[in-house]
Protein chains: 2
Amino acid sequence: MELESKFRLTKEGEKIFGNGPCLLLETVRKLGSLSKAAKELNMSYSKAWSMINRSEKALGCLLIDTQIGGTGGGGSNLTPVAEYLIKAYRDFYKEAIYILDVLYRKYFEGF
Amino acid sequence: MELESKFRLTKEGEKIFGNGPCLLLETVRKLGSLSKAAKELNMSYSKAWSMINRSEKALGCLLIDTQIGGTGGGGSNLTPVAEYLIKAYRDFYKEAIYILDVLYRKYFEGF
DNA sequence: CAACGTTGTTTTTTCATTAGGATAACGCTC
DNA sequence: GAGCGTTATCCTAATGAAAAAACAACGTTG
């Protein structure tokens, strides 16, 4: 038996940030492009775009800095806010997973 | 900004137990009937039944002890396994929520 | 100035999960 | 044996998410 845990930051019920957007942003940082990141993660561009867009709307500030046209057609890079959020979420996540595993063993060891 | 957390016990990907089944079982214990519990929670009987059934299948043992027919048409009562699971889950949940709130403030206080 | 690959956006279609409705079986009570 | 309320089960409908398609706008490159 295993424990599955999910976390999500919200603002008045609106989704702001979670595992999906975090992974997507990290891939954007690696590839410098939202469309390439979507391909890498096997999701449609429109889904990737709407994930970022929704987070930005709920958050009230930009997560990616985009360029349309130009060399290579354009691209996307992370804003400082996005970098901050990713780091905070990853640190939080790592610690949370560790503690929850301890709790899980404490309460469900026998099962 | 708030943190939303969800937990679920699984076995090889199959859902075993979580917030929904736990609340449903607690309501069954209170009312002595699965159909009454479903009404109290505003869900259809078939949904309530399938929730329990799926958990039992994944778990490999019974969670409710049912009687069909007889006085009042029958009814359902919790098995010792169900009682054990409910208590373990509630204790786990309470402690997990507390710790996660501490972590949340630690990492996202500024936001 | 044409080509290219990207972003931005809308619309349509597909798909999976969930919710609900209908019905049979059951056993006690009257 | 009829009536009742429950459990058990199946089948259909509704909801919502995901995917896909389509197209305009953009700016550098050659």
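In what follows, every chain begins at residue 1, and chains take the letters A, B, ... in the order their sequences are listed.
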Verify the contact: side-chain N or O of A:Ser35 to OP1 or OP2 of C:dT7, cut-off strictly under 4.0 Å; return yes or no. yes
Under 4.0 Å: is that the gap between some side-chain N or O of B:Thr71 and OP1 or OP2 of C:dT29? yes
Output the rounded distance in Å from CG (B:Asn42) to P (C:dT18). 18 Å
Report yes if a side-chain nitrogen or oxygen of B:Lys15 is closer than 4.0 Å to either non-bridging phosphate oxygen (OP1 or OP2) of C:dT18; otherwise report no. yes
Atom CE of A:Met51 to atom P of C:dT7: distance rounded to whole Å? 15 Å
Side-chain heavy atoms of B:Leu25 within contact of B:Ile64, under 4.5 Å: yes
Can you check whether A:Leu78 reaches A:Asp65 side chain to side chain, under 4.5 Å on heavy atoms? no
Atom-to-atom span, CZ of A:Arg54 to C1' of D:dG16 - whole angstrom: 13 Å
Under 4.0 angstrom between A:Lys47 side-chain N/O and D:dA19 OP1 or OP2: yes
Select from A:Ser44 and A:Gly70 the residue whose nearest nucleotide in DNA chain D is closer to the 5' end of that strand. A:Ser44
Separation of atom CD1 in B:Ile68 from atom C1' in D:dT9, rounded to whole Å: 11 Å
Which is more 5' along DNA chain D, the nucleotide nearest B:Gly75 or the one nearest A:Gly73? Just name the residue. B:Gly75
Just N and O in the side chain of B:Ser76: are any of them under 4.0 Å from OP1 or OP2 of D:dT7? yes
Roughly how many Å is it from CD1 in A:Ile52 to P in C:dG8, rounded to a whole number? 10 Å
Side-chain heavy atoms of A:Ile52 within contact of A:Val28, under 4.5 Å: no
Reckon A:Ser46 has a side-chain N or O less than 4.0 Å from the OP1 or OP2 of D:dA18? no
Check for me whether the distance between the ring centres of B:Tyr84 and A:Phe111 falls short of 6.0 Å. yes
Classify B:Ser33 by what it touches in the nucleic acid, base, sugar-phosphate, or nothing, heavy-atom distance under 4.0 Å. sugar-phosphate
Just how far, in rounded Å, is P of D:dG5 from CH2 of B:Trp49? 23 Å
Please list, chain by chain and in numerical order, all residues satisfying side chain to side chain contact (heavy atoms under 4.5 Å, CB included) with A:Ser35, sequence neighbours excluded. A:Ser33, A:Tyr45
Nucleotide D:dG27, atom C1' - distance to CD of A:Gln67 in whole Å: 9 Å
I need the NZ-P distance between B:Lys39 and C:dG20, as an integer number of Å. 14 Å
